[in-house]
Amino acid sequence: MIPASLRALLDATQGQRRAEWAGREVWLANEPWGELAVSLQGAQVLHFLPASPKDATAEGSASMSPEDATAEGSASAGALDGLEAARAEDEEALAPGGWLWVTPTPQDLPGAIRGGIPLCWPWFADEHTADESPDRSGPMHGPARKAEWRLDAVDEHEEGVELHLSPLERLHSQLVPRAVIQANAQRLHVELITEHTGETPVKITGALHSYLAVDDAFSCRVEGLAGARYLDKLKDFAESEQQGELGVRGGIDRIYHSNEEALLDDGQRRLRIARQGSDSAVVWNPGDTPPADTSPAAARRFLCVESANTRLDPVWLVPGAQHLLGTTLSRAT
């Protein structure tokens with residue numbers, strides 16, 4: 001589910017091209033294998049919709065397909081009451097379809113875009129593990145998500161595409177990041193690779209902050225985390241153990257200590273979420289107190305299930321070493 005203005009750019013795209021959206025340069029693909037939109041601010045995937053093996057309408061139902069968008073309103077009207085009116089207003093500015101969600105009201109530059117898959121690097125949240133500012137007052141989630149990136153290479157083939165990106169300017173004195181994005185009709189794969197080119201060890205954290213489009217965040221089920229220990233950020237990082245599979249019924253902000261594959265089921269679609277180089281799975285939705293750039297109704301349409309390195313599994317990089325943090329989204333059968 002993406003802003004209608006971005007949807008219009010994709011509809012006007014045949015093959016691949018660059019365009020401007022929300023004051024940012026974006027790279028767009030509308031190909032037989034599917035659709036992809038990437039912002040060069042932050043090397044951020046904004047949209048992914050693979051061609052369905054059966055029928056694109058059924059594939060898009062969770063986020064939703066154009067045909068299903070009308071039916072969805074009537075099916076949930078009684079249950080959501082006043083929220084449904086706010087949702088309808090948001091959906092005038094949002095277009096259904098796709099596996100990712102982007103806010104209908106993105107911030108102006110130099111702010112970051114909420115949604116898609118932001119790159120949080122070289123620290124996660126406000127942990128400032130690799131922050132080189134004198135008083136460790138660097139930006140939330142690090143500088144990578146607001147930085148300008150260059151598109152170094154586009155490797156295309158009949159089945160999909162692979163993008164390679166790097167920052168235009170140096171973001172850290174010892175660390176160099178690069179991003180790889182692979183998309184085809186079966187999956188979306190994103191890698192954030194960090195190379196240590198300096199002389200002293202550096203501790204990093206980070207995340208691929210995936211905003212997954214769902215029918216209703218408070219009706220979602222996340223499988224694969226049963227028995228995992230987690231830190232509950234809404235309870236001052238209290239530690240608990242997940243009893244059974246996770247059912248999301250309100251605002252949530254947890255860091256699970258797990259490297260297991262997760263499965264997101266929102267009642268309409270099941271997405272498989274595999275992670276690489278990560279022992280932290282972050283599950284987040286702001287509930288009824290969303291950030292200023294997102295309404296409560298719009299926030300009900302995403303759930304973040306993130307591949308991350310956090311205080312539970314920070315990475316110490318020594319000179320000459322590399323670390324790969326990855327996430328892979330695919331259909332669950």
Side-chain angles (χ1 to χ4, degrees), residues 6 18-28 36-48 100 102-103 106-154 162-182 188-198 202-211 277-278 282 291-293 304 306-310 314-315 317 322-327:
L6 182 56
R18 296 192 189 208
E20 183 177 311
W21 176 74
R24 297 149 172 99
E25 185 176 7
V26 293
W27 182 91
L28 306 173
L36 182 68
V38 178
S39 170
L40 297 190
Q41 184 203 28
Q44 183 173 344
V45 178
L46 300 176
H47 171 73
F48 173 66
L100 303 173
V102 172
T103 181
Q107 298 181 59
D108 293 334
L109 288 171
I113 298 172
R114 184 173 303 283
I117 307 180
L119 307 184
C120 303
W121 182 95
W123 62 84
F124 171 71
D126 57 357
E127 295 176 359
H128 298 287
T129 50
D131 190 348
E132 295 182 304
S133 62
D135 56 356
R136 288 183 171 261
S137 61
M140 182 82 162
H141 290 314
R145 68 193 184 116
K146 292 185 179 182
E148 290 299 318
W149 291 59
R150 69 171 61 86
L151 186 57
D152 295 319
V154 178
E162 178 174 297
L163 308 182
H164 295 255
L165 303 101
S166 61
L168 287 178
E169 299 181 356
R170 188 90 188 201
L171 302 180
H172 192 278
S173 67
Q174 298 197 87
L175 305 175
V176 177
R178 54 191 175 93
V180 178
I181 300 166
Q182 300 171 339
L188 172 67
H189 176 72
V190 179
E191 295 177 355
L192 178 57
I193 302 164
T194 304
E195 181 181 2
H196 192 316
T197 61
V202 180
K203 183 170 72 170
I204 65 172
T205 55
L208 299 172
H209 200 312
S210 306
Y211 287 75
S278 164
V282 178
D293 59 3
C304 290
E306 310 169 31
S307 175
N309 299 120
T310 69
V315 175
L317 275 183
Q322 292 188 354
H323 177 258
L324 186 154
L325 177 64
T327 192

Check: What heavy-atom pair brings P177 and P167 nearest, and what distance separates the two atoms?
Finding: O-CD, 3.3 Å
Item checked: Qualifying residues under side-chain hydrogen bond (donor to acceptor under 3.5 Å, both in side chains), relative to S166, sequence neighbours excluded -> R150, D152
Item checked: Spatial distance of atom CG (L188) from atom CZ (F48) [nearest 0.5 Å] -> 5.0 Å
Notebook entry, point to check: Among pairs that include at least one residue of residues 136-148, which meet side-chain hydrogen bond (donor to acceptor under 3.5 Å, both in side chains), considering only residues two or more places apart or in two chains?
Noted result: D135-S137
Next item on the list: To the nearest 0.5 angstrom, please state how far the CE atom of M140 sits from the SG atom of C120.
Entry: 8.5 Å
Check: With a 4.5 Å limit on heavy-atom distance, are the side chains of L192 and V180 in contact?
Finding: no
Notebook entry, point to check: Taking only residues two or more places apart in sequence, or in another chain, which ones meet T310 in a side-chain hydrogen bond (donor to acceptor under 3.5 Å, both in side chains)?
Noted result: S280
Check: Taking the six-membered ring for Trp, are H128 and W123 parallel (under 30°), tilted (30 to 60°) or perpendicular (over 60°)?
Finding: tilted
Next item on the list: Could you tell me the separation between the CZ atom of R178 and the CD atom of E195, rounded to the nearest 0.5 Å?
Entry: 7.0 Å
Checklist line | L151 to W27 - nearest heavy-atom pair and separation | finding: CD2-CD1, 3.5 Å
Checklist line | Under 3.5 Å donor-acceptor, E132 side chain and S173 backbone | finding: yes
Notebook entry, point to check: Who pairs with D293 by salt bridge (Lys or Arg N to Asp or Glu O under 4.0 Å), at least two apart in sequence or on another chain?
Noted result: R114
Next item on the list: Report the C-alpha separation of L28 and L6 in whole Å, then their side-chain angles, then the decisive distance to 0.1 Å, and conclude whether the side chain to side chain contact (heavy atoms under 4.5 Å, CB included) test is met.
Entry: CA-CA 10 Å; L28 306 173; L6 182 56; 4.2 Å; yes
Notebook entry, point to check: Which atoms form the tightest heavy-atom contact between S39 and I113, and what is the distance?
Noted result: OG-CD1, 4.2 Å
Notebook entry, point to check: Do V176 and R170 have side chains that get closer than 4.5 Å, going by heavy atoms?
Noted result: yes
Next item on the list: State, yes or no, whether a side-chain contact exists between L46 and I117 at a heavy-atom distance under 4.5 Å.
Entry: no
Notebook entry, point to check: So, T194 and Q322: side-chain donor and acceptor under 3.5 Å apart, yes or no?
Noted result: no
Next item on the list: Hey, could you give me the CD1/CD distance between I181 and Q44, rounded to the nearest 0.5 Å?
Entry: 9.5 Å
Notebook entry, point to check: Going from CD on Q174 to NE2 on H196, what distance comes out if it is rounded to the nearest 0.5 angstrom?
Noted result: 4.0 Å
Checklist line | Contacts of W21 that satisfy side-chain hydrogen bond (donor to acceptor under 3.5 Å, both in side chains) - sequence neighbours left out | finding: S5
Check: Would you say the side chain of L40 lies within less than 4.5 Å of the side chain of R18, judging by non-hydrogen atoms?
Finding: yes
Next item on the list: Any pair with a residue in residues 118-129 that passes salt bridge (charged side-chain N to carboxylate O under 4.0 Å, His left out), sequence neighbours left out, goes on the list, sorted by first then second residue, please.
Entry: E127-R311
Notebook entry, point to check: So do the side chains of T205 and V315 get within less than 4.5 Å of each other, counting heavy atoms only?
Noted result: no
Item checked: F124 and T129, any side-chain heavy atoms less than 4.5 Å apart -> no
Note to self: Please find the pair of heavy atoms, one from S278 and one from N309, that lie closest to each other, and give the distance.
What the structure shows: CA-ND2, 3.8 Å
Note to self: Here's a test for you: under side chain to side chain contact (heavy atoms under 4.5 Å, CB included), which of V190, T327, V282 qualifies with S210?
What the structure shows: T327
Notebook entry, point to check: Pick from L325, L208, L175: which one makes a side chain to side chain contact (heavy atoms under 4.5 Å, CB included) with W121?
Noted result: L175
Next item on the list: Look only at the side chain of E169 and the backbone of W149, and say whether a donor-acceptor pair between them is shorter than 3.5 Å.
Entry: no
Check: Which pair of non-hydrogen atoms, one from V202 and one from A130, has the smallest distance, and what is that distance?
Finding: CG1-CB, 3.9 Å
Next item on the list: Can you see which heavy atom on R24 is nearest to which on A112, and at what distance?
Entry: NH2-C, 4.2 Å
